Amino acid sequence: MIELRRVSKSYPTRGGRVVALAELSTTIQPGEFVVLTGRSGAGKSTLLSLASGLLKPDTGEVRIAGRNLWDMSDGERSLLRCRTMGFVFQFASLIPTLTVLENVLLPNAFLPRGERTSRQRAEEMLERVGLPGFGHRMPWQLSGGQQKRVAVARALLLRPALIFADEPTADLDAETEQVISDLLQEEHRRGCTVMLATHNRELVGLATRHLGLAEGRLVLAS
Amino acid sequence: MLRSHRHVTRVILMWQGIVRSPWRSLAGFCAAVVTAGAFLGAGALLTGMGRVLESGLERLGADLVVAPRAYRHAVERWLVEGTAPSVPTEVPGEWRHRLEERPLVGVREIVPWDLTAGGQGHPAAGKAASVLLIRLERWGQPMMVLPEVEEALPEAAVVVAEQVARRVARDLQPVVRYLAAAAGGAWVGLLLMVGVLTAVQVAERRRELGMLRAVGASRRALVALVLGEVLCLAAAGAVAGTGLALGALVLAPRELTGALAPWDYVRLALTAVGLTLATALAAATGPALRAAWMDPLAAVQQGR
């Protein structure tokens with residue numbers, strides 16, 4: 001369960017501080033599929049960053065499974081992120097000098113030795129995203145959509161309990177969009193909590209809860 | 001291009017960072033080569049010059065040297081370098097008697113010395129000698145003895161070792177300044193170059209570093225990753241630079257480096273490598289900390 005209690009976040013700009021989120025409170029139950037919508041600058045990405053512990057709120061608390069994320073050390077928080085969270089971004093963000101399989105295995109680099117997952121699991125993940133046998137290729141040999149699928153395989157490698165996705169289907173072909181949408185649904189059915197920011201109507205249709213944001217405030221919770 | 005894959009570790013990630021921009025890495029490597037080489041070269045030459053002077057004076061153990069006026073220059077060279085051109089035995093035995101008759105304060109012994117074969121010379125066997133070495137007690141002062149000796153032997157040249165050493169040190173000052181400036185320039189160059197290169201490297205890889213944070217890299221891991229890359233290049237450059245400098249020092253005049261012991265080279269090489277690594281780390285720390293403290297999601301969305 002993710003609890004956000006009166007969470008605020010603002011960013012400094014030349015013209016003064018801009019409020020990205022203002023005293024927002026919400027609770028996300030395990031197994032929910034939460035979709036965040038809103039215009040650009042509404043605070044969707046900031047909310048994802050705060051909920052995942054990537055960003056520290058100016059005020060308020062973020063709790064995961066009852067633990068305040070910011071009572072933990074950075075090392076503990078990072079390990080928690082590595083073990084339990086998967087991130088899908090708008091851009092694939094693959095490391096160009098690593099093979100596809102190495103990119104999928106990337107989270108292993110930040111896990112204790114005994115907890116590392118196998119290559120076989122990474123190959124399975126590539127199969128799941130529709131790229132069997134692509135492990136030896138380099139990222140530049142793949143199309144944008146294929147790179148995005150690799151990024152999704154990387155996010156799901158360690159069977160995360162929480163998936164955060166920021167515009168996961170933006171700028172993608174229909175086939176890749178469908179693959180990602182199906183994978184997110186499968187993970188949700190598996191019991192995974194999904195929290196995603198999107199403008200995609202189909203993804204909004206998958207939501208068990210829809211949160212609408214405007215100017216850093218919750219304006220819709222259905 | 002097909003390639004076999006490995007288990008991804010932080011060391012592999014570090015290596016990927018290095019090979020990502022070969023020209024930039026090469027520039028950092030070269031800066032470390034030049035700096036370590038300059039540190040070692042300057043250190044060896046400065047130490048060598050001081051050591052030659054010290055060892056020349058120490059070997060002879062003479063505080064004052066009395067010689068015929070025509071050989072003053074040869075005696076000064078002998079004091080500085082510990083080796084002299086041939087000086088004939090023109091000092092009569094009578095000079096020694098004239099000195100010994102006087103109550104010279106603080107004089108331990110007066111030794112006739114033979115320099116006919118040049119080099120370091122040896123104690124004179126007969127009455128005649130090339131020069132007379134005057135050795136003082138530990139508490140003796142050369143400048144107190146000098147007037148007495150000059151009065152006793154007005155026809156002789158009296159060379160005070162301490163004065164010669166001071167003059168040589170003064171003569172070497174421009175060289176010392178040049179070497180120090182060269183090492184300082186290389187140091188500042190490395191600081192700027194590594195700082196700028198690391199800042200550019202971090203800025204270019206913002207999205208990737210943000211992604212690493214998201215997949216579980218702690219701030220410490222990111223700092224270690226960035227500094228590790230810099231350290232690897234600097235270490236390789238520093239080792240290469242000291243190696244090249246050691247090779248170049250073999251070609252340096254023996255008068256400058258001849259008095260350096262093998263241990264001196266080891267000590268200087270370790271110091272050069274250490275200073276180069278410390279400089280590179282200091283220059284890269286700012287960009288590394290910036291990488292660790294950036295907003296990961298904003299970094300990943302860069303270019304949106």
Side-chain angles (χ1 to χ4, degrees), chain A residues 11 40 45-46 48-50 52 54-55 73-111 113 116 118-119 122 135-138 140-141 151 154-155 157-158 164 166-167 170-171, chain B residues 1-25 201-226 228-229 232 288-289 291-304:
Chain A
Y11 297 101
S40 290
S45 298
T46 303
L48 288 177
S49 289
L50 291 171
S52 58
L54 283 173
L55 212 56
S73 69
D74 180 64
E76 284 178 308
R77 214 168 30 248
S78 300
L79 197 55
L80 177 78
R81 206 160 44 236
C82 191
R83 282 173 176 154
T84 63
M85 301 179 198
F87 288 84
V88 183
F89 309 110
Q90 183 185 357
F91 298 103
S93 299
L94 303 181
I95 296 184
T97 47
L98 295 179
T99 64
V100 164
L101 198 76
E102 286 164 353
N103 267 289
V104 176
L105 284 165
L106 198 58
N108 268 349
F110 306 105
L111 274 178
R113 200 171 282 269
R116 290 178 188 166
S118 63
R119 289 179 191 184
H136 288 278
R137 298 203 188 181
M138 300 304 288
W140 53 266
Q141 293 174 304
R154 181 182 63 200
L157 178 78
L158 300 176
F164 296 95
D166 193 9
E167 304 285 4
D171 307 324
Chain B
M1 189 179 90
L2 286 177
R3 210 182 81 181
S4 67
H5 47 258
R6 308 141 287 184
H7 277 294
V8 182
T9 62
R10 294 182 199 191
V11 175
I12 288 176
L13 284 178
M14 205 182 288
W15 176 245
Q16 296 305 317
I18 292 170
V19 297
R20 176 77 58 84
S21 342
W23 289 110
R24 201 175 299 142
S25 297
Q201 178 98 325
V202 164
E204 271 185 7
R205 289 162 62 196
R206 250 177 83 80
R207 194 186 286 177
E208 180 186 316
L209 294 170
M211 179 272 293
L212 290 179
R213 275 285 280 156
V215 300
S218 62
R219 288 200 174 102
R220 190 185 289 183
L222 276 200
V223 169
L225 184 70
V226 175
E229 290 172 18
C232 283
L289 289 175
W293 284 92
M294 68 186 170
D295 173 356
L297 213 56
V300 170
Q301 288 166 335
Q302 195 181 42
R304 175 180 270 187

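A quick note: this is a predicted structure, and the numbers were derived from the prediction, not measured. Values below: all heavy atoms of this structure, side chains included; hydrogens, waters and symmetry mates excluded. Every chain is numbered from 1 and lettered A, B, ... according to where its sequence line falls, protein lines coming before strand lines.
Contact annotation for A:R154: only side-chain heavy atoms (C-beta onward) come within less than 4.5 Å of a heavy atom of chain B. Contact annotation for B:R219: both backbone and side-chain heavy atoms come within less than 4.5 Å of a heavy atom of chain A.
Summarising the geometry of B:S218 relative to A:G75, their closest heavy-atom pair is CB-CA, 4.1 Å, with the distance given to 0.1 Å. When every heavy atom of B:D295 is checked against every heavy atom of A:S49, the shortest pair comes out as OD1-OG, 4.2 Å. The shortest non-hydrogen separation linking A:S78 to B:R213 is OG-NH1, 3.5 Å. In terms of heavy-atom proximity, B:E208 sits nearest to A:P96 at OE1-CD, 4.2 Å. Here the closest non-hydrogen pair linking A:C82 and B:V215 is SG-O, 3.3 Å.
The distance from atom CZ of B:R20 to atom CD1 of A:I95, rounded to the nearest 0.5 Å, is 6.5 Å. Atom CZ of residue A:F89 and atom CE of residue B:M211 lie 8.0 Å apart, to the nearest 0.5 angstrom.
Ranked by heavy-atom pairs shorter than 4.5 Å toward chain A, the options B:A214, B:G17, B:P296 are led by B:A214. Residue with the most contacts toward chain B among A:L54, A:L48, A:L79: A:L54 (heavy-atom pairs, distance under 4.5 Å).
A:F110 pairs by the ring-ring contact (aromatic ring centres under 6.0 Å, His included) definition with nothing, not counting sequence neighbours. Every residue two or more places apart in sequence or in another chain that forms a side chain to side chain donor-acceptor pair (under 3.5 Å) with A:T46 is listed here: A:Y11.
Counting heavy atoms from C-beta on, the side chains of A:E102 and B:I12 never come closer than 4.5 Å. B:R220 is not listed as a side-chain neighbour of A:D74, based on a closest heavy-atom distance of 4.5 Å or more.
A:R81 contributes no side-chain N or O that, together with a main-chain N or O of B:G216, makes up a donor-acceptor pair within less than 3.5 Å.
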